[in-house]
Amino acid sequence: VEDDDESMMEETRRDVWKALRKLVIEGWITSEDKIEILADMLEHPEDSMVEKAHRLLCTNVGDAERRTAWEDFGELIALQVKRLKSKASKE
């Protein structure tokens, strides 16, 4: 069971990574922002807001809601980038 959980988490992380790349392509965030988000995910693997948001908004979403859910995810990640940059500037 532990191997299955770990395997599922790795798959989720790969899906999030792909989603972040898509956000860069669509202009929601920059490549630098993507790297900052990935670094934050690696620093806080058990408490990754990005992974939770991806599971909530982008997993098992019906066709009718898919675009809206994706836009919500993009907006949320753009906000998270601002938060990370604000936090970094205070440190």
Side-chain angles (χ1 to χ4, degrees):
V1 174
E2 191 171 308
D3 287 340
D4 289 343
D5 289 344
E6 186 63 31
S7 178
M8 192 177 346
M9 287 303 297
E10 288 300 317
E11 184 175 339
T12 297
R13 289 182 183 122
R14 279 192 293 276
D15 289 344
V16 170
W17 175 61
K18 291 174 191 174
L20 292 173
R21 287 190 340 217
K22 185 175 176 183
L23 290 176
V24 171
I25 291 167
E26 292 183 1
W28 287 97
I29 59 174
T30 67
S31 292
E32 182 181 311
D33 295 339
K34 176 188 74 173
I35 297 303
E36 291 208 29
I37 290 285
L38 289 170
D40 185 64
M41 286 171 57
L42 292 171
E43 289 175 7
H44 307 99
E46 58 286 324
D47 191 33
S48 171
M49 183 282 295
V50 176
E51 290 177 41
K52 290 176 187 175
H54 187 269
R55 275 194 306 272
L56 175 68
L57 297 170
C58 301
T59 305
N60 299 323
V61 178
D63 290 340
E65 297 173 327
R66 185 166 285 129
R67 187 71 207 163
T68 302
W70 177 253
E71 290 172 0
D72 289 347
F73 181 70
E75 290 173 2
L76 189 60
I77 298 310
L79 177 63
Q80 181 67 0
V81 167
K82 288 179 186 176
R83 288 180 178 166
L84 289 173
K85 287 181 178 182
S86 175
K87 181 180 172 184
S89 70
K90 291 177 183 177
E91 292 179 351

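- Between Leu23 and Gly74, the shortest heavy-atom contact is CD2-CA, 3.6 Å.
- The cluster map of Ile, Leu, Val, Met, Phe, Trp and Tyr, joined by side-chain heavy atoms under 4.5 Å apart, puts Val16 and Leu79 in different clusters.
- To the nearest 0.5 angstrom, Cys58 atom SG is 8.5 Å from Lys22 atom NZ.
- Leu84 approaches Glu36 most closely through the heavy-atom pair CD1-O, 4.1 Å.
- Under a cut-off of 6.0 angstrom, the local environment of CH2 in Trp70 is crowded, with over 12 non-hydrogen atoms contributed by other residues, nucleotides or ligands.
- Val24 and Trp28 end up in the same hydrophobic cluster when Ile, Leu, Val, Met, Phe, Trp and Tyr side chains are linked at under 4.5 Å.
- In this structure, Leu57 and Val61 approach most closely via the heavy-atom pair O-CG2, 3.0 Å.
- A cation-pi arrangement is not found for Arg13 relative to Trp17, the charged atom failing to lie both closer than 6.0 Å to the ring centre and inside a 45° cone about the ring normal.
- Among all heavy-atom pairs drawn from Ile37 and Val50, the shortest one is CG2-CG2, 3.6 Å.
- Among Arg66, Glu65, Arg67, the one residue that satisfies the side-chain contact (heavy atoms from CB on, under 4.5 Å) test with Asp63 is Arg66.
- Note on residues 76-87: pairs passing side chain to side chain donor-acceptor pair (under 3.5 Å), not counting sequence neighbours, are Asp33-Lys85.
- Rounding to the nearest 0.5 Å gives a distance of 10.5 Å between CD of Glu51 and CE of Met49.
- The ring-ring contact (aromatic ring centres under 6.0 Å, His included) contacts involving residues 36-68 comprise His54-Phe73, where partners must be two or more places apart or lie in separate chains.
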